[in-house]
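Below, chains carry the letters A, B, ... as their sequence lines are ordered, and counting in each starts from 1.
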Amino acid sequence: MNYKYTQQFRQALVEWFNREKRDLPWRQTTEPYHIWVSEVMLQQTRVDTVIPYYNRFIERFPTAETLAYAPEQELLKMWEGLGYYSRARNLQAGVREVVETYNSVVPDNRADISKLKGVGPYTAGAILSIAYGKPEHAVDGNVMRVLSRVLHIKEDIALPKTRKVFEEAVDFLIDPENASSFNQGLMELGALICTPTSPKCLLCPVRDYCIAFEAGDAAQLPIKTKKIKMKQLELDVAVIQNTEGHYLLEQRPAEGLLANMWQFPMVERNKESIDEKYNVAIEAKKPLMQFKHVFSHLTWHIDSYSATVKETGVLGEHVQWFTKEQIAQLPMPVPMLKIWSQVDV
DNA sequence: AAGGCGGGGAA
DNA sequence: TTCCCAGCCTT
């Protein structure tokens, strides 16, 4: 690599991190399982969002053993609102594997830790460096942004193969004596100083070693190509109450979007009917709320209403009646929680 | 290599 | 609106 500031960069970054780092719950420990939980929660998720989830999760599942065989519904309830729910399922599968195969000790090498469910190249490096102090790369979006500027790398970070360029850069730059602070320093710098728009270069501890700053085009990096348009789905959602005051809910399929989570009866508008799909005859419909819920790849346009039913036919396999107390225990996606909050129970 | 997979904060 | 966040899995 043609970069002449490696030593200065390392020292400036590590010293800045140790001086300015935020006080975050997962920085109170190097316990590998706790670091693992935090890193999975932080995937595609902001620090401020994760903090309360992490605290509740560690309180409920303080050790790998306590998580390994917890009921999935309770696990999903702990994850409710955090999104990307397969992360929770994969984390539990990985933790169970550690308990059963590695005597509850999280592996301390990339080959073994990478075999665990839900542990990709980034998470592997994060756990190895933060929990074990190993000089392993942990390249996330922050790191690619920071290093694209510092090293003036102009490859398209939207392409999967580009990650390798940055992994090799970190392998070259990383401070082997301070791997944890180095990796976290890169990410902290990306979060606080070297931000996507309007980077705070005048406050940057490595400004003197940043090629993009010298070239004056830091704000134009990294290069990232555009992405695709989203699909739209128009849905009618019915909160249906029977004569005993119970509510009808349906569990989503075990695979795909919002897997295994619970929702109120839902049909694609003008394509299906609640009555036919759920085998109920609803009456006394009252409008609740209309809103849009945006996923990463899809938008739901929801029209919701409440209704009552006198009698039903045979219910589908994943459909059943619940009391409002039971509903409070079910993992539900945010749009359903939003509708439920409008029902005066 | 491309697409599926949540939800929310910031500009 | 648009971006994108301490990414991973499947195809």
Side-chain angles (χ1 to χ4, degrees), chain A residues 17 21-22 24-27 35-54 76 79-91 93-94 113-131 137-146 156-164 166-167 170 180 182-192 194-199 219 222 224-231 252-253 255-261 263 291-300 331-338:
Chain A
F17 176 72
K21 63 184 173 190
R22 290 169 289 178
L24 303 174
W26 46 90
R27 287 185 177 157
I35 299 300
W36 186 0
V37 170
S38 73
E39 290 302 337
V40 172
M41 286 187 170
L42 285 161
Q43 289 167 9
Q44 297 292 288
T45 311
R46 285 185 168 71
V47 164
D48 290 339
T49 303
V50 167
I51 290 173
Y53 283 91
Y54 173 84
L76 286 176
W79 211 271
E80 182 183 81
L82 199 52
Y84 286 144
Y85 299 97
S86 65
R87 289 185 295 175
R89 226 185 315 272
N90 289 339
L91 172 63
I113 203 171
S114 298
K115 294 177 190 162
L116 301 172
K117 198 80 72 187
V119 178
Y122 164 75
T123 304
I127 297 172
L128 291 174
S129 61
I130 298 171
H137 58 73
V139 173
D140 70 340
N142 282 312
V143 173
M144 288 198 284
R145 183 173 60 257
V146 170
D156 182 5
I157 67 168
L159 300 178
K161 63 173 183 179
T162 303
R163 196 192 69 237
K164 212 154 88 81
F166 290 93
E167 287 174 349
V170 173
S180 174
F182 182 91
N183 278 342
Q184 292 189 77
L186 281 179
M187 295 187 276
E188 193 81 341
L189 193 65
L192 300 181
C194 199
T195 48
T197 58
S198 48
K224 186 172 187 178
T225 55
K226 291 284 288 182
K227 55 187 61 168
I228 40 86
K229 58 193 177 300
M230 296 200 311
K231 295 172 187 165
R252 294 179 61 86
E255 308 271 325
L257 182 66
L258 304 170
N260 280 349
M261 300 188 79
Q263 63 188 16
F291 62 99
K292 186 172 65 171
H293 185 79
V294 180
F295 297 91
S296 49
H297 60 301
L298 149 88
T299 301
W300 282 358
M332 292 197 290
V334 164
M336 294 299 144
L337 293 171
K338 200 174 292 185

Considering residues, nucleotides and ligands other than A/K338, do more than 12 of their heavy atoms fall under 6.0 Å from its NZ?
yes

Within the structure, does a side-chain N or O atom of A/H293 lie under 4.0 Å from either OP1 or OP2 of B/dG7?
yes

Donor-acceptor contact below 3.5 Å, side chain A/R252 vs main chain A/Q263
no

Could you tell me whether the phosphate oxygens of B/dG4, OP1 or OP2, come under 4.0 Å of any side-chain nitrogen or oxygen in A/H297?
no

How do A/R27 and A/V119 order along DNA chain C: which one's closest nucleotide is nearer the 5' end?
A/R27

Can you check whether any acceptor in the base of B/dG8 is under 3.5 Å from a donor in the side chain of A/T45, or vice versa?
no

Under 4.0 angstrom, heavy atoms only, what part of the nucleic acid is A/K292 near: base, sugar-phosphate, or nothing?
sugar-phosphate

May I ask you to evaluate whether A/K231 reaches the phosphate of B/dG4, defined as a side-chain N or O under 4.0 Å from OP1 or OP2?
yes

Counting the atoms with a prime plus P, OP1 and OP2 as sugar-phosphate, which does A/P335 contact under 4.0 Å by heavy atoms, base, sugar-phosphate, or nothing?
sugar-phosphate

For A/Y122, which of A/H137, A/Q43, A/E39 qualifies under side-chain hydrogen bond (donor to acceptor under 3.5 Å, both in side chains)?
A/E39

Looking across every strand, which nucleic acid part, if any, lies under 4.0 Å from A/R145 by heavy atom: base, sugar-phosphate, or nothing?
sugar-phosphate

For A/Q44 and C/dG7, is the shortest distance between a side-chain N/O and OP1 or OP2 below 4.0 Å?
yes

Heavy atoms only, 4.0 Å cut-off, all strands: where does A/G81 land among base, sugar-phosphate and nothing?
sugar-phosphate

